[in-house]
Amino acid sequence: LFRNQEFLSGGYYNSIRLIGAYLFIFASVKSCDWIKKAPQIITAVGIANVIATLLFFVNNGLYQLFINTTYKQYQDGTQDGLYGYRAALADHYSQNGTYITIVLLTVWAVFLTLNGHEKKRKYIMIASALLCGSIFTACDDDNDTPTFPEKTETTYDMSGFARGADVSWLSEMESSGYKFYTSDGKEQECMSLLRDLGINAIRLRVWVNPENDTEDVKGWCNKGDVLLKAWRAHNLGYRLMIDFHYSDRWADPVQQAKPKAWENYTVEELEQAIADHTKDVLGAIKEMGIDVEWVQVGNETHQGMLFPTGQTTSSDGIKNFAKFINSGYNAVKEIYPNAKVIVHLDQGNDANLYNRIFGYLHDNNAKWDVIGMSLYPDMYPTEGAADDWEDMNNKCIANMKSLIAKYNTPVMMCEIGIPWDYSEAEDFFTDFMTKAKQVEQCLGVFSWEPQSYGGWKNYGKGMFDDSGKPTSAFNAFKR
């Protein structure tokens with residue numbers, strides 16, 4: 001009972017003094033008329049506090065209003081945030097467990113009084129008084145305002161150049177028991193940790209029905225999983241990019257498989273399916289009050305999408321690819337008119353690839369707002385020499401400038417990575433970030449799954465070490 005009241009901590013002297021005072025009062029003035037009103041008084045106070053406590057727990061909006069207007073200490077998020085202050089409120093202000101006990105004792109006392117048990121009523125009232133004494137003197141100072149954890153004000157720059165991270169694996173990693181730590185070893189929720197490390201935007205991939213593929217995806221990154229991660233990101237103030245793969249599993253340069261449910265669709269049916277899926281996911285996100293700033297329609301569409309129907313190896317495939325892009329584009333604009341629609345390719349340093357694919361799209365009246373890129377230097381090849389990352393960076397930046405001039409649309413690095421244990425990883429990221437920021441219409445840079453570590457999914461290009469701590473490569477995102 002007294003565990004939450006600090007009865008055995010620094011405030012117990014005051015508790016003992018007040019308990020003594022109550023005992024003296026009951027011993028000396030037991031015949032006074034005001035004692036007869038005690039059941040009503042204690043009952044009213046007890047019930048009011050219990051109701052307040054329940055309202056705070058049930059209604060988050062009321063709780064925020066109370067904290068914001070009374071104590072100015074409300075925080076977003078879960079790390080030392082909402083749940084921490086809500087627990088503090090219950091612990092130091094409402095004292096819900098003890099108040100409930102008071103009410104029960106008081107009700108019992110009233111019942112006994114009505115049934116003529118005056119002597120028993122007196123003892124019940126003494127017990128209620130003792131509880132009141134422990135509550136009202138639980139704090140070890142004279143201020144009856146609750147003592148909350150001291151809040152450290154931190155200002156995060158979430159605007160301007162996007163310093164992003166694709167964390168689509170995060171919920172699956174957490175489900176598998178992965179933890180994340182600060183550089184000094186303190187455990188911290190991953191998205192809040194990334195924000196502290198300079199990240200201001202989150203990218204999340206969407207698969208149509210990943211339950212249809214159990215080899216690797218195992219049901220993750222479906223609409224529900226995306227909504228959960230989008231909500232977490234939103235509550236931390238992140239800007240958001242949604243990446244539609246239009247597949248039940250990975251869509252990348254070598255595989256763009258149709259979702260199982262779409263396998264036998266005609267071109268027109270595929271166009272409609274793209275639109276319906278896009279609006280379904282984005283509509284659900286919008287219903288939660290979350291803004292989406294960028295949307296990818298397709299992922300690393302090196303040879304088109306929805307193979308073989310939209311594959312660029314045939315003239316019909318090229319035309320269909322443009323139709324599919326437009327279906328996604330129009331669907332995005334229907335839900336989020338101001339969102340920027342991205343067409344995303346890999347190998348950002350390969351100008352020929354971008355000129356060819358965007359030439360196809362331009363010639364077939366495809367629409368896009370941003371040209372997206374990927375860049376992954378291979379520093380540990382199984383054969384041959386390692387890539388020259390500095391040369392790749394320079395070619396990629398030159399490709400950006402050329403595409404901006406040719407199509408008059410902005411560019412963005414949607415995926416970038418290098419082995420976490422590569423000795424020059426920080427230099428690589430710093431070099432690219434510095435040069436990208438100098439390109440006037442480059443909107444930002446997103447690292448891909450930086451939180452992955454410990455050989456997760458055999459991916460070694462994250463930005464955490466094997467102990468779950470961030471590497472120095474994050475310095476490039478804070479500069």
Side-chain angles (χ1 to χ4, degrees), residues 162 164-166 168-169 203-207 216 221 241-247 249-257 294-307 310-313 317-318 321-322 324-325 328 341-361 366 368 370-381 386-389 391-404 406-407 409-419 428-429 432 436 442-450 452 457-462:
D166 186 317
S168 302
W169 267 329
R203 178 180 186 251
L204 301 172
R205 65 176 162 271
V206 188
W207 289 322
D216 181 32
C221 297
M241 180 194 295
I242 300 298
D243 171 21
F244 286 96
H245 282 225
Y246 299 120
S247 182
R249 58 168 293 108
W250 301 102
D252 55 41
V254 297
Q255 56 181 345
Q256 297 277 340
W294 312 278
V295 180
Q296 273 188 221
V297 288
N299 186 77
E300 292 191 331
T301 52
H302 182 106
Q303 294 185 51
M305 58 196 292
L306 296 173
F307 290 178
Q311 194 167 8
T312 58
T313 52
I318 292 171
F321 178 37
F324 297 156
I325 292 294
V341 178
I342 303 172
V343 174
H344 174 224
L345 307 184
D346 62 314
Q347 299 178 31
N349 57 315
D350 186 349
N352 291 332
L353 168 65
Y354 282 75
N355 286 324
R356 182 174 73 254
I357 296 299
F358 281 96
Y360 292 156
L361 293 175
W368 68 86
V370 180
I371 294 174
M373 299 180 169
S374 295
L375 191 68
Y376 292 102
D378 186 358
M379 309 315 299
Y380 304 136
D387 286 335
D388 182 341
W389 62 260
D391 180 64
M392 290 179 69
N393 283 358
N394 290 335
K395 288 180 177 177
C396 184
I397 296 297
N399 191 24
M400 285 183 171
K401 294 177 180 178
S402 175
L403 291 167
I404 291 169
K406 186 173 184 178
Y407 295 108
T409 54
V411 297
M412 175 178 278
M413 178 56 65
C414 298
E415 296 183 20
I416 192 169
I418 200 167
F428 163 72
F429 283 110
F432 191 87
C442 179
L443 303 181
V445 176
F446 282 73
S447 60
W448 196 76
E449 302 287 5
S452 61
K457 304 282 188 180
N458 296 316
Y459 179 68
K461 295 183 178 180

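For the pair Val445 and Ile416, the tightest heavy-atom approach, listed with the atom from each and the gap, is CG1-CG2, 3.8 Å. Thr301 and Gln256 get closest at one heavy-atom pair: CA-NE2, 4.0 Å. Minimum heavy-atom separation, Gly417 to Pro377: O-CD, 3.3 Å. The two residues Tyr246 and Gly328 come nearest to each other via the heavy atoms OH-CA, 3.9 Å. In terms of heavy atoms, Gln347 sits closest to Leu353 at CB-CD2, 4.3 Å. Contact detail for Ala165 and Phe446: the closest heavy-atom pair is N-CD2, 3.5 Å.
Interatomic distance, CD1 of Ile325 versus CD1 of Ile342, reported as 11.5 Å (0.5 Å rounding). Here the straight-line distance linking atom NE2 of His302 with atom CG of Asp350 works out to 7.5 Å at 0.5 Å rounding. To the nearest 0.5 Å, atoms SG (Cys414) and CE (Met373) are separated by 9.5 Å. Note that the CZ atom of Arg203 and the OG atom of Ser447 stand 10.0 Å from one another [nearest 0.5 Å]. For the atom pair CD of Gln296 and CD of Glu415, the computed distance is 7.0 Å after rounding to the nearest 0.5 Å. Atoms OH and NZ, on Tyr380 and Lys461 in that order, are 10.5 Å from each other to the nearest 0.5 Å.
Within the 4.5 Å cutoff, no side-chain heavy atoms of Arg356 are placed close to those of Thr312. Using a 4.5 Å heavy-atom threshold, the side chains of Asp252 and Asp346 count as separate. At a threshold of 4.5 Å between non-hydrogen side-chain atoms, the residues Glu449 and Ser168 count as touching. Two residues are said to be in side-chain contact when any heavy atoms from C-beta on lie closer than 4.5 Å; Glu300 and His344 meet this criterion. Ile397 has its side chain within reach of Met400: a pair of non-hydrogen atoms, C-beta onward, lies under 4.5 Å apart. With a 4.5 Å cut-off on side-chain heavy atoms, Trp448 and Trp169 count as touching. Side-chain contact between Phe432 and Cys396: present, with at least one pair of heavy atoms (C-beta onward) separated by less than 4.5 Å. Side-chain contact between Trp250 and Asn299 is absent, with no heavy atoms from C-beta onward closer than 4.5 Å.
Residues passing the side chain to side chain contact (heavy atoms under 4.5 Å, CB included) test with Thr313, sequence neighbours excluded: Gln303, Gln311. The side chain to side chain contact (heavy atoms under 4.5 Å, CB included) check on Phe358 picks up Val343, Leu345, Tyr354, Leu361, Trp368, Ile371, Tyr407, with sequence neighbours excluded. Annotation: ring pair (Phe, Tyr, Trp, His ring centres under 6.0 Å) contacts of Phe321 (sequence neighbours excluded): none.
Side-chain N or O atoms of Asp387 include one that pairs as donor or acceptor with a backbone N or O of Asp378 at under 3.5 Å. With hydrogens and angles ignored, the 3.5 Å screen pairs no side-chain donor or acceptor of Asn349 with any backbone N or O of Lys395.
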Evaluate side-chain contact (heavy atoms from CB on, under 4.5 Å) for Asn355 paired with Lys406, printing each intermediate quantity in order. CA-CA 9 Å; Asn355 286 324; Lys406 186 173 184 178; 3.5 Å; yes

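Looking at Arg205 and Asp243, no side-chain N of the basic residue comes within less than 4.0 Å of a carboxylate O on the acidic one, giving no salt bridge.
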